[in-house]
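None of the values given here were measured: they were computed from a predicted structure. Position 1 is the first residue of the sequence, and the numbers go up from there. No hydrogens, no waters, no symmetry mates; every other heavy atom, side chains included, goes into these values.
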Amino acid sequence: MPDDTNDDLVTYAVDRGVATVCLNSDANRNALSTPLMRQLLAHLETAAGDDDVRVVVLGHTGRVFCSGADLKETAAAREAGEVPAAMLTDVLAALWEFEKPVIARVSGPARAGGIGLIAAADIAVCAAEATFAFTEVRLGVIPAVISATVLPRLRPRDAAELYLTGTVFDGRRAETIGLVTRAVPAVDVNIAVAGYAEDLLKGAPGALAGAKRLLRRGEGGIRAELDELAKTSAHFFLSEEGREGVAAFAEKRDPNWMP
């Protein structure tokens with residue numbers, strides 16, 4: 001179980017073979033703080049070791065699925081030359097390599113690192129009204145770490161447009177470009193997720209794990225890729241532009257590179 005027991009930043013429940021893991025830090029829009037990611041990893045480990053768990057649903061409480069890195073934590077740690085969001089490499093690897101099927105249930109906005117979580121899932125269902133954006137360049141950084149899971153999902157032209165502009169797009173666009181499996185009206189998200197879970201439970205556990213390995217066949221080791229991308233990410237977060245971008249965001253002003 002998670003070490004951070006004072007706050008349930010991630011909740012965990014099992015029902016009829018389905019483990020539901022929910023980001024539960026609504027106060028900061030489910031930002032990827034170190035305590036939240038630590039709890040998420042612990043719950044994934046619990047699900048992996050429980051033979052009664054056949055499927056994992058990664059969801060959220062509150063209005064926002066995940067706002068990305070916890071910028072307050074990042075700004076504080078950066079003064080010591082650290083980037084707390086580096087733990088995201090472990091989270092993405094755990095999801096990508098998870099032997100049991102993972103479904104992402106997205107009922108609200110996702111940004112930056114949150115999109116990396118969605119892309120790491122095997123199946124993703126979102127509300128058509130949900131919004132997404134790779135906002136990193138507008139903060140003076142780049143979507144480095146999440147590229148390991150995101151770029152295999154996206155069409156190259158869409159990736160170029162969305163990475164470079166940081167523009168907001170909706171669930172229908174997310175479905176069209178391959179980021180999510182299905183976009184449905186918000187009221188139908190849980191129904192669609194339940195349908196996928198029911199279908200997955202019909203598969204033999206060993207066969208499902210084998211099928212997942214087939215889907216990853218030909219790919220290099222994601223952990224080595226993530227480690228390299230984490231170094232690139234840290235470079236930009238610690239750069240002058242990264243410092244200015246995060247400061248401007250916190251101060252609700254335009255960064256100094258705006259004309």
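- Residues passing the side-chain contact (heavy atoms from CB on, under 4.5 Å) test with Asp26, sequence neighbours excluded: none.
- Rounding to the nearest 0.5 Å gives a distance of 7.5 Å between CD1 of Ile222 and CZ of Arg216.
- Between the side chain of Lys212 and the backbone N or O of Lys100 there is at least one donor-acceptor pair closer than 3.5 Å.
- Follow the hydrophobic side-chain contacts under 4.5 Å out from Leu151 and you reach Phe134 in the same cluster.
- Looking only at side-chain heavy atoms (C-beta outward), Val91 and Leu32 stay at 4.5 Å or farther from each other.
- Here the straight-line distance linking atom CZ of Arg173 with atom OG1 of Thr167 works out to 8.5 Å at 0.5 Å rounding.
- Remark: the Thr11 side chain and the Asp8 side chain contain no N/O donor-acceptor pair separated by less than 3.5 Å.
- A distance-only check finds a donor-acceptor pair linking the side chain of Gln39 to the backbone of Asp7 [under 3.5 Å].
- Once rounded to the nearest 0.5 Å, the distance linking CD of Glu241 with CG of Asn256 reads 8.5 Å.
- Taking hydrophobic clusters as Ile, Leu, Val, Met, Phe, Trp and Tyr residues chained together by side-chain heavy-atom distances below 4.5 Å, Val150 shares a cluster with Leu58.
- Closest of all the heavy-atom pairs between Val64 and Arg29 is CG1-O, 3.7 Å.
- Taking the side chain as every heavy atom from C-beta outward, Ile123 and Leu200 approach each other to under 4.5 Å.
- Residues Leu88 and Met37 have side chains in contact (heavy-atom distance under 4.5 Å, counting atoms from C-beta outward).
- For the pair Leu229/Glu225, a side-chain contact is recorded, criterion being any heavy-atom separation below 4.5 Å from C-beta on.
- Remark: the Glu175 side chain and the Thr181 side chain contain no N/O donor-acceptor pair separated by less than 3.5 Å.
- The number of heavy atoms from other shown groups lying within 6.0 Å of CD (Glu251) is above 12.
- Remark: side-chain polar atoms of Arg111 are paired, donor with acceptor, to backbone N or O of Thr131 under 3.5 angstrom.
- The structure places OH of Tyr12 at 11.5 Å from CG of Leu40, a figure rounded to the nearest 0.5 Å.
- A donor and an acceptor atom, one from each side chain of Thr20 and Arg105, are nowhere located under 3.5 Å apart.
- Scanning for side-chain contact (heavy atoms from CB on, under 4.5 Å) contacts around Ala127 gives Glu129, Ala130, Ala186, Val189, with sequence neighbours left out.
- Of all heavy-atom pairs between Ala148 and Leu226, the closest is CB-CD2, 3.5 Å.
- Residues Phe98 and Asp122 fail the side-chain proximity criterion, which asks for heavy atoms closer than 4.5 Å.
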Full working for side-chain contact (heavy atoms from CB on, under 4.5 Å) between Val55 and Ile103: CA-CA 8 Å; Val55 177; Ile103 306 171; 3.9 Å; yes
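- Considering every non-hydrogen atom in both Arg54 and Leu201, the closest pair reads NH2-O, 3.0 Å.
- Across every non-hydrogen atom of Ala47 and Val53, the tightest pair is O-CB, 3.8 Å.
- Contact detail for Ser233 and Val145: the closest heavy-atom pair is CB-CG2, 3.9 Å.
- Under the 4.5 Å side-chain heavy-atom criterion for ILVMFWY residues, no single connected hydrophobic cluster contains both Val193 and Phe65.
- Note that SG of Cys66 is 8.0 Å distant from CD1 of Ile118, once rounded to the nearest 0.5 Å.
- Using a 4.5 Å heavy-atom threshold, the side chains of Val125 and Val106 count as separate.
- Side chain of Asn30 to main chain of Thr61: a donor-acceptor pair is present (N/O by atom type, distance under 3.5 Å, no hydrogens or angles).
- Partners of Arg63 under the side-chain contact (heavy atoms from CB on, under 4.5 Å) rule, at least two apart in sequence or in another chain, are Pro109.
- In this structure, the side chains of Leu95 and Leu44 come closer than 4.5 Å at one or more pairs of heavy atoms.
- His60 NE2 to Ser25 OG: the interatomic distance, rounded to the nearest 0.5 Å, is 13.5 Å.
- A donor atom on one side chain and an acceptor atom on the other are found under 3.5 Å apart for Ser147 and Tyr163.
- When hydrophobic clusters are built by joining Ile, Leu, Val, Met, Phe, Trp and Tyr residues whose side-chain heavy atoms come closer than 4.5 Å, directly or via intermediates, Val57 is not grouped with Leu41.
- Look at Glu244 and Arg253 and you find a salt bridge, because one of the NZ, NE, NH1 or NH2 atoms lies within 4.0 Å of a carboxylate O, short of that distance.
- In this structure, the side chains of Thr176 and Arg155 come closer than 4.5 Å at one or more pairs of heavy atoms.
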field: Residues Ile146, Leu117; criterion side-chain contact (heavy atoms from CB on, under 4.5 Å); working and verdict
entry: CA-CA 8 Å; Ile146 65 171; Leu117 302 183; over 6 Å; no
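- Note on Tyr196: it does not cluster hydrophobically with Val102, by side-chain heavy-atom contacts below 4.5 Å among ILVMFWY residues.
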message: Go through it in stages, so that I can follow the logic: the residues are Leu179 and Phe132, the test is side-chain contact (heavy atoms from CB on, under 4.5 Å), and I'd like the CA-CA distance, side-chain angles, deciding distance and then a yes or no.
response: CA-CA 10 Å; Leu179 178 61; Phe132 306 82; 4.1 Å; yes
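- In terms of heavy atoms, Arg172 sits closest to Pro185 at NH2-CD, 4.2 Å.
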